[in-house]
Structures are given as structure tokens and as C-alpha cells.
Amino acid sequence: MTRAALPRRYSDRGFTLVEMIVVTLLLLIAMLGLLAVFDASARINKSETDVADAQGAVRYGIYQMTRVIRMAGSGGLYVTQAVLNAADPNMPGISVPSLGKSYNNVPANTTVTDQTGTAIKVRPGTDMIEIRGVILSPLLGFDQQTGCSAGCVTNSDAITVLPTAGDLLIGQHVNDDPAQRPQFAAIDAYTASITGAANSMFVIVADGNTDLHVGCSDVSPQGVQRWPQPAYNIGTLTSKTTLTTVQTPRVFSAGADFTTGSDLEVDREMPSLTGGVATPIAKPRRVGILDDIIFFVAMLPVATDPLGQHPYLAQGVRRGDHFEVTPLADDVEDLQIAYGVDTNNDNAITRSTVPNPPFDPDPNFSTVAGDDEWRPNTQPVGSETPFTETDFQSQNPYVDGHPGVPPAAHCPRLHGVMVSLLAKAHDPDPTYKGPAASGYVLMDVPLASGIPTTAVPGNYRRRVQTLRINLRNYAFQG
């Protein structure tokens, strides 16, 4: 007799195939959700890191540019030679293939030649700015006796200066004091790389006993001396200085050439004029290494960055006919420059319309074309004509240029520079649809269908910073 099988309870039965499929599907959905959360978190973290990097790049770039621009003209340069918004047509190293060679929204194939002879391309549509002055090394003060034997006009003048210059009654200028102001050693270190004409540097020798701007260098009602302009000569150094060598008097350079080359271009009052002739200076009062520095947005070589997605902010320091180019900040997409020129002679860069409209309340800056003394800083492109070199002073250039005596009221009117710098994240974020995801409009940057031509295609997180910089040697401080 066999026992009939007892029916199994429901709880003892296994999962059916359908139930296993359903459970697996639910687990898969839950896992995909968790992975999506982790992926979003990772992307957000990377985006925030990229944004922080972009913000840091903008700040560092602005800092470096501000440091140089504030010192424009240090040593005694004309304002027209201290701040250039167009390439000097008679000096090599910078190629701008456009009429007037303007640095505003430069065209394609604009280049800066580095020390290896490589032509580094400038990003089309961006701005450039060139600054000159004694910036990267100390400015020395002369005494009343020593200086150039022939007035710093030949190619063999020995420029001499004492360790301490000045007068006991009115104050002295210490040039060589290792404990406090090691000026001589700093200049020797700065010029140590000079090995000939290929990497030469400029030297400026200024006559502090003359003032070519007596008409605008009077004492203001606030008791401030305004804009004195000394006569000066520019020479070329093809060998390093040896100021720290024990000698009396100290020799700044025994081989500065004041007779030929690009130095005579800087001697002239206007960069667009061809080189002139140096004028003897009997008693030089200041001397220093004259830096010629350009800032621009550079493109990496096509082999390194074939799609042009990673432009960078670069600084070029002239060495002979080339520039020593140094990257300052990565992934800088655009640089726009505006110039503050005192067109109404009130010693300030202000609005043209008073009172200001409610939508445009800044007393010194306007987004309406022609409504302030900054140019070019508004849309649409072409609504504000960029300044020319002659706008940077109150009268047209003296016919004979420098050397010579310009009109007494030949006053500088360029008092400030406005810099706007835009950096982007290193990598695109396809999910980012926020403001400026496809580009950011700065000042008078060219547009194509409403998108800046300087924008890298793709959605990027971007950061921008704008700063207005007073020119220390030309801005009115009353």
C-alpha cells in the first residue's frame, strides 16, 4: 500500500521564472538609479573643480595684467609709447594682418613670434594690449654728476651710476643696499640672459631736469603735480650688466647702442612714426631696463589641440626681435580691452549722460554706445570706434616727433584701461544649460548668430572678471 503524496504548502514552493525576472528587473532598475546618482555626483564634482580652475585662471590672469598695466610708462615714456592698442608697424615680432594693425578683435593669422622663431597664433576676435615701462626690474636714480659721457647717443656709451644718488637735504635714492634695496643685484640677475642681439633688452635713460609738458604739469588746485614728461633716450643692451662688480662709478653698460634698431622706434613720440635720432642728455636722472610686454589669447599647435578647444592667456616679453612667451592661465577663451580717455578734460573717466537712466546706474561706465569715456566696450560691434594713438594725448603729435619739444599743453588723456577676461572649464558639460553655456558676450566681441565668435563650440561652464585699472603714471590723483 502506497501512501498518497501529501500536498505541499505554498510557502515551501520556489520562485517561478516570472517572479525571478521581475525581481531581477527591479534590482536592475534600483542599481541603475544608484549608478545614475553616483555618476551625477561625480560629474558635478568634476564640473565644480573645472569651475574653480576657471575662476582661478581668471583671477591669476587679471592679477598679472594689472601688475604690469599699472606700471605703464615707468621711467618716463610718452603715454603713446607706454600703452599700445595697435602694433608698431616698424618693429618685428608681432604680425597683425589688418589695416592699422589694431589690437581690437584681431583677425585670423595674427601671430606673436617666440624666441624659437615659432609664430604663435592669436585667437581671432580677441583683443591684445602692449605695455612698456621699467616694470620687471628696478628703476635707478642718478646723481647730478655721473651718467653718459656723450649724453647717451652713441653705440659705446658707458652708463654710470653711483650706489647712492641724490642730495642730503632733499633726500637720497639708494641703489645698492643688500639689506634694504638690492637694486644692482636685481638688475644684474635680470639681464644675465643677454648673450647678444638675438635676446637683447632695451634701456631707457631719462633727463629729470627737463619737462616737455610744462603746460600740463602745473600744480593742480589739490596741490598735486600733474604728468611731467622728461626727455629720454632708448638704447639696446646686447650684453649683461655688471653693477655688483666693485668699481667706482658703477658701469650700467659699456655697450648700449642708441644709434640703430628698434630702440629708435621707442624714441619717437608715436609708435607709427619711423625711428628718429637720439638727443644728447647731459645729466641723466633715471635709468632702467625698459620692458616691452604684450598680453594675448594664444592658440596651442594644431597637433596638440586640433579643434582649438584650449586657448590660453599668454604674456610675451620682448627679447630682441622676438618675444619670450609665457603661458599665464589655461583655457582662457577671450580677452577684451577698453581704454578710458578723458575726452572732456575733467581729469576723470566718467559718463556722458547725467542723470543716469535707471537700467544703467554706474556713474563711470555705461553699456550704451557713446555714453561714457570708455571705448570700445559696448554692443553692437562697430557702434564705438576704437581709439587711435593720437587720442591718448590732448594734441596731435609734434611734427618732428621725439626728439624735439612738443607743445607745452601736450597732456596725456589716457588715464585707465579696462580688462575683461573670460575662462572656461577644461571639459564640456553636455547637460549644462545655464547662462553662458554656449558663450559669453564681452564688450564689443564679434558675434555670429548671437554667439561670440571667440566661444569654443560646446556647452561649457565659464567665469568672467572685469577690472578697471588706473595708470599710475598718467591717471590724475588729485
Side-chain angles (χ1 to χ4, degrees), residues 57-58 61-62 64-69 72 79-114 118-133 135 265-266 271-272 291-300 308 311-319 321-329 332-340 374-377 381 384-389 391-392 414 416-423 442-446 452-454 466-467 469 471:
V58 164
I62 285 285
Q64 292 295 335
M65 294 187 67
T66 301
R67 172 173 168 264
V68 170
I69 291 172
V79 66
T80 46
Q81 286 285 3
V83 181
L84 278 68
N85 62 352
D88 188 326
N90 306 300
M91 292 184 71
I94 302 173
S95 174
V96 184
S98 63
L99 184 65
K101 298 185 178 297
S102 173
Y103 288 154
N104 185 64
N105 299 334
V106 297
N109 299 318
T110 298
T111 61
V112 175
T113 304
D114 69 8
T118 302
I120 299 176
K121 289 188 176 182
V122 182
R123 189 168 183 80
T126 62
D127 288 358
M128 303 165 65
I129 185 170
E130 189 172 357
I131 302 295
R132 293 171 179 165
I135 299 169
E265 284 297 311
V266 189
S272 59
D291 295 299
D292 185 4
I293 303 174
I294 188 162
F295 294 97
F296 61 101
V297 177
M299 303 290 290
L300 290 169
Y312 61 96
L313 178 66
Q315 170 186 283
V317 182
R318 181 176 291 279
R319 297 289 183 259
D321 291 342
H322 300 157
F323 285 83
E324 181 183 319
V325 177
T326 304
L328 295 180
V332 171
E333 194 174 56
D334 197 8
L335 167 65
Q336 292 292 314
I337 305 288
Y339 299 87
W374 295 99
R375 276 197 344 228
N377 66 313
V381 175
E384 291 186 328
T385 304
F387 287 114
T388 64
E389 59 185 10
D391 294 318
F392 287 175
L414 174 66
V417 173
M418 181 159 51
V419 176
S420 193
L421 201 62
L422 174 64
L442 301 181
M443 297 189 188
D444 71 329
V445 62
T453 57
T454 55
T466 300
L467 189 65
I469 307 165
L471 300 180

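Note that these values count all heavy atoms, side chains included, but never hydrogens, waters or copies made by symmetry. Quick caveat, the model's predicted, so the values are computed rather than measured. Starting from 1, each residue takes its place in the sequence as its number.
Distance CZ/Phe295 to CG/Asp127: 14.0 Å, rounded to 0.5 Å. Taking CE of Met299 as the start and OG1 of Thr126 as the end, the distance is 9.0 Å to the nearest 0.5 Å. If you take CG on Leu471 and CD1 on Ile131, they are separated by 7.0 Å, rounding to the nearest 0.5 Å.
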inquiry  = I'd like to know whether Val419 forms a side chain to side chain contact (heavy atoms under 4.5 Å, CB included) with Ile337, so could you lay out the CA-CA distance, the side-chain angles of the two residues, the decisive distance to 0.1 Å, and finally the verdict.
reply    = CA-CA 5 Å; Val419 176; Ile337 305 288; 3.9 Å; yes
inquiry  = Determine whether Phe296 and Val325 satisfy the following criterion, side chain to side chain contact (heavy atoms under 4.5 Å, CB included), listing intermediate values before the conclusion.
reply    = CA-CA 10 Å; Phe296 61 101; Val325 177; 4.1 Å; yes
request  = Just do the side chain to side chain contact (heavy atoms under 4.5 Å, CB included) check on Glu384 and Asp444 with the steps written out, would you?
outcome  = CA-CA 8 Å; Glu384 291 186 328; Asp444 71 329; over 6 Å; no
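Not one N or O on the side chain of Glu130 forms a donor-acceptor pair closer than 3.5 Å with the backbone of Asp292. With hydrogens and angles disregarded, no donor-acceptor distance shorter than 3.5 Å links the side chain of Asp114 to the backbone of Glu324. Of the possible donor and acceptor atoms, one in the side chain of Arg375 sits under 3.5 Å from a partner among the backbone N and O of Thr385. Between the side chain of Asp291 and the backbone N or O of Ile135 there is at least one donor-acceptor pair closer than 3.5 Å.
By the ring pair (Phe, Tyr, Trp, His ring centres under 6.0 Å) test, Tyr339 pairs with Phe392, sequence neighbours left out. With sequence neighbours excluded, the residues that form a side-chain contact (heavy atoms from CB on, under 4.5 Å) with Pro89 are Lys101. Qualifying side-chain contact (heavy atoms from CB on, under 4.5 Å) partners for Gln64, counting only residues two or more places apart in sequence or in other chains: Tyr60, Arg67, Leu328. For Pro124, the side-chain contact (heavy atoms from CB on, under 4.5 Å) partners are Ala108, not counting sequence neighbours. The side-chain contact (heavy atoms from CB on, under 4.5 Å) test applied to Ser102 returns Asn104, not counting sequence neighbours.
Here the side chains of Asn109 and Lys121 are in contact, with some heavy-atom distance below 4.5 Å. Using a 4.5 Å cut-off on side-chain heavy atoms (C-beta onward), Val417 and Met65 make no contact. Taking 4.5 Å as the limit, some side-chain heavy atom of Pro97 sits within range of a side-chain heavy atom of Thr110. Using a 4.5 Å heavy-atom threshold, the side chains of Pro107 and Val96 count as touching. Under the 4.5 Å side-chain criterion, counting only non-hydrogen atoms from C-beta, Glu333 is not in contact with Val297. In this structure the side chain of Tyr103 never reaches within 4.5 angstrom of the side chain of Ile129, judged on heavy atoms.
Taking each heavy atom of Leu313 and Gly61 in turn, the nearest pair found is CD2-CA, 3.6 Å. Scanning both residues, Arg318 and Pro92, for their nearest heavy atoms gives NH1-O, 2.9 Å. Closest approach of Gly308 to Arg123, counting heavy atoms only: O-NH1, 3.5 Å. When all heavy atoms of Asn105 and Val445 are compared, the pair lying nearest together is OD1-CA, 4.1 Å. When all heavy atoms of Leu442 and Ser420 are compared, the closest pair comes out as CD2-OG, 3.5 Å. Between Asp334 and Gly125, the shortest heavy-atom distance links the atoms OD1-O, 4.4 Å.
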Taking only distance into account, with no hydrogens and no angle test, what donor-acceptor pairs under 3.5 Å do side-chain atoms of residues 79-86 form with protein atoms, sequence neighbours excluded?
from  : atom 1 : to     : atom 2 : distance (Å)
Thr80 : OG1    : Glu269 : O      : 2.5
Gln81 : OE1    : Arg132 : NH1    : 2.4
Gln81 : NE2    : Glu265 : O      : 2.9
Gln81 : NE2    : Arg268 : O      : 2.7
Asn85 : ND2    : Phe387 : O      : 2.9

